[in-house]
Amino acid sequence: MWETLRQDLSYSARQLRRSPGFTLGAILILALGIGVNTLIFSVLNTVLLRQLPYRDPQRLVVLGERAPYGAFSTTAPGNFLDYQHQLRSLEGLAAFINRSMTLTGHGMPAQITGQVVTSNFFTLLGLRAQIGRTLDPRLDRPYGPRVAVLSHLSWQREFGGDPGIIGRQLTLDGESVTVVGVMPESFVAPRSADLWLSSRYEAPEPTGDVKPEEMQDRGNYNFLRPIGRLRPGFSLDQLQAELQLLSHRLEQEYPVSNAKKLAWAQPLREWWVGQFRVAL
């Protein structure tokens, strides 16, 4: 058997030497095939197979609403605050908004991709900064000074990895913002972003004060994407049942903005990879 294999390999080598063009084409095709398969597996492993890089990721859920026209959508600030206060199945609820921003004040203006996030966004996911800190609900209050956390990539690309970046003032869309932290290179966000900016849309302190007008808004702008964490011992089905009851209650209280609007929840992983699963 080994002698036959040796003869076959020797014959193949002679044939390949006689046809260098064919040999080069074969090598390129093999290299391309191996490279593409490696890339596909890498994407599958990262997106579909590997556990999400958060604390207890199986307990993370994404909330949305089925609007009157039937499409799943984001939610309005007023509804988000009610979800924060009234959903007992969740131990925490954060939110983010995707936003394109113009960064100025340190050279040529740059267009960057950002997310406006509630101050509990990073703590809910169980994440820490590489340097500095993430947002903190005790410090980063609505209508206080705006602060930002940079991605590792934007820290390197825009600021050359400056170790003194913490405390530096940036100008985003004409507004002054203070850098408080940089995330690790390994950090993977639910949606890609260059930085995370503190939000105006926070649950107010329980002092009985009237919420600011835009935080009460329910009908004009639906732009918040809530992410929640199930309490230990609670299931997704329990959360769904609670959302259904709360949706009907809000529809009765706000018949104009919440008519036929049904809140829903799904696991973060399912929401994250749902649009890519079939293609992958």
Side-chain angles (χ1 to χ4, degrees), residues 46-66 72-98 115-129 133-142 149 151 181 183-184 186-193 196-206 215 222-247 249-250 262-275:
T46 299
V47 176
L48 296 181
L49 304 179
R50 192 168 62 187
Q51 189 177 47
L52 296 179
Y54 308 130
R55 175 173 59 86
D56 298 331
Q58 70 280 359
R59 290 168 49 203
L60 293 173
V61 295
V62 171
L63 270 62
E65 295 172 347
R66 185 183 291 280
F72 289 125
S73 69
T74 48
T75 190
N79 287 351
F80 167 72
L81 293 180
D82 276 317
Y83 298 154
Q84 269 194 324
H85 288 303
Q86 300 186 45
L87 291 174
R88 302 306 174 196
S89 302
L90 298 178
E91 70 175 29
L93 187 67
F96 69 88
I97 313 158
N98 295 318
Q115 284 183 349
V116 180
V117 299
T118 54
S119 60
N120 62 338
F121 177 79
F122 292 100
T123 53
L124 183 131
L125 295 177
L127 300 170
R128 294 183 178 181
R133 65 174 178 87
T134 59
L135 305 182
D136 188 335
R138 299 167 299 178
L139 303 173
D140 307 316
R141 303 307 304 161
V149 177
S151 72
M183 295 305 292
S186 59
F187 171 54
V188 180
R191 284 290 185 266
S192 179
W196 295 268
L197 183 66
S198 60
S199 171
R200 303 300 195 198
Y201 301 95
E202 305 279 348
E205 296 292 343
M215 294 170 68
N222 296 324
F223 52 80
L224 294 176
R225 174 62 69 192
I227 296 181
R229 179 176 289 279
L230 287 167
R231 291 185 187 277
F234 283 81
S235 68
L236 182 63
D237 288 340
Q238 289 173 295
L239 174 59
Q240 296 282 23
E242 196 175 7
L243 282 170
Q244 187 171 10
L245 290 173
L246 181 55
S247 296
R249 192 184 313 147
L250 293 177
L262 181 65
W264 59 277
Q266 65 181 140
L268 175 60
R269 172 177 286 280
E270 182 180 320
W271 171 80
W272 194 347
V273 305
Q275 57 184 320

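We number each residue from 1, following the sequence as shown.
- Environment of CZ in R55: crowded, with over 12 heavy atoms of neighbouring residues, nucleotides or ligands closer than 6.0 Å.
- In this structure, the side chain of S198 does not engage the main chain of S119 through any donor-acceptor pair within 3.5 Å.
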- Query: Checking side chain to side chain donor-acceptor pair (under 3.5 Å) for the pair D237/S235: CA distance, chi angles, key distance, verdict?
  - Reply: CA-CA 5 Å; D237 288 340; S235 68; 5.0 Å; no
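- In this structure, P232 and E91 have side chains that are in contact, with non-hydrogen atoms separated by less than 4.5 Å.
- The closest side-chain donor-acceptor pair between E65 and T75 falls under 3.5 angstrom.
- Put simply, the side chain of S247 gets close to the backbone of A263: a donor and an acceptor are under 3.5 Å apart.
- Looking at T134 and L127, their side chains never come closer than 4.5 Å, going by heavy atoms from C-beta outward.
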- Task: Take F234 and L239, measure what side chain to side chain contact (heavy atoms under 4.5 Å, CB included) needs, and give me the verdict at the end.
- Result: CA-CA 8 Å; F234 283 81; L239 174 59; over 6 Å; no
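- A tilted orientation is assigned to the rings of F122 and F187, their planes being inclined by 30° to 60°.
- Here the closest heavy-atom approach between residue A193 and residue S151 is recorded as O-CB, 3.7 Å.
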- Before giving the answer on side chain to side chain contact (heavy atoms under 4.5 Å, CB included), spell out for W271 and L60 the whole-Å C-alpha distance, their side-chain angles and the decisive distance to 0.1 Å. CA-CA 11 Å; W271 171 80; L60 293 173; over 6 Å; no
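- Counting heavy atoms from C-beta outward, Y54 and L124 have side chains that stay 4.5 Å or more apart.
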- Item | Worked check of side chain to side chain contact (heavy atoms under 4.5 Å, CB included) between L90 and V61 | CA-CA 9 Å; L90 298 178; V61 295; 4.1 Å; yes
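- For Q86 (side chain) and L246 (main-chain N/O), no donor-acceptor pair under 3.5 Å exists by modelled atom type.
- Counting only heavy atoms from C-beta outward, the side chains of F121 and L135 never approach each other to under 4.5 Å.
- A distance of 8.5 Å separates OG1 of T118 from CG of L224, quoted to the nearest 0.5 Å.
- Between the OG atom of S192 and the CD atom of Q115 there is a distance of 8.0 Å, given to the nearest 0.5 Å.
- R225 places a side-chain N or O within donor-acceptor distance of the main-chain N or O of L63, the cut-off being under 3.5 Å.
- Side-chain atoms of R229 never come within 3.5 Å of backbone atoms of G92 as a donor-acceptor pair (strictly under, hydrogens ignored).
- Between L243 and Q240, the closest side-chain pair of non-hydrogen atoms falls below 4.5 Å.
- Of the possible donor and acceptor atoms, one in the side chain of E242 sits under 3.5 Å from a partner among the backbone N and O of R88.
- For the pair W196 and A189, the tightest heavy-atom approach, listed with the atom from each and the gap, is CZ2-CB, 3.8 Å.
- No side-chain heavy atom of D82 sits under 4.5 Å from any side-chain heavy atom of Q84.
- Of all heavy-atom pairs spanning A94 and F80, the tightest one is O-CE1, 3.5 Å.
- Residues L268 and P57 fail the side-chain proximity criterion, which asks for heavy atoms closer than 4.5 Å.
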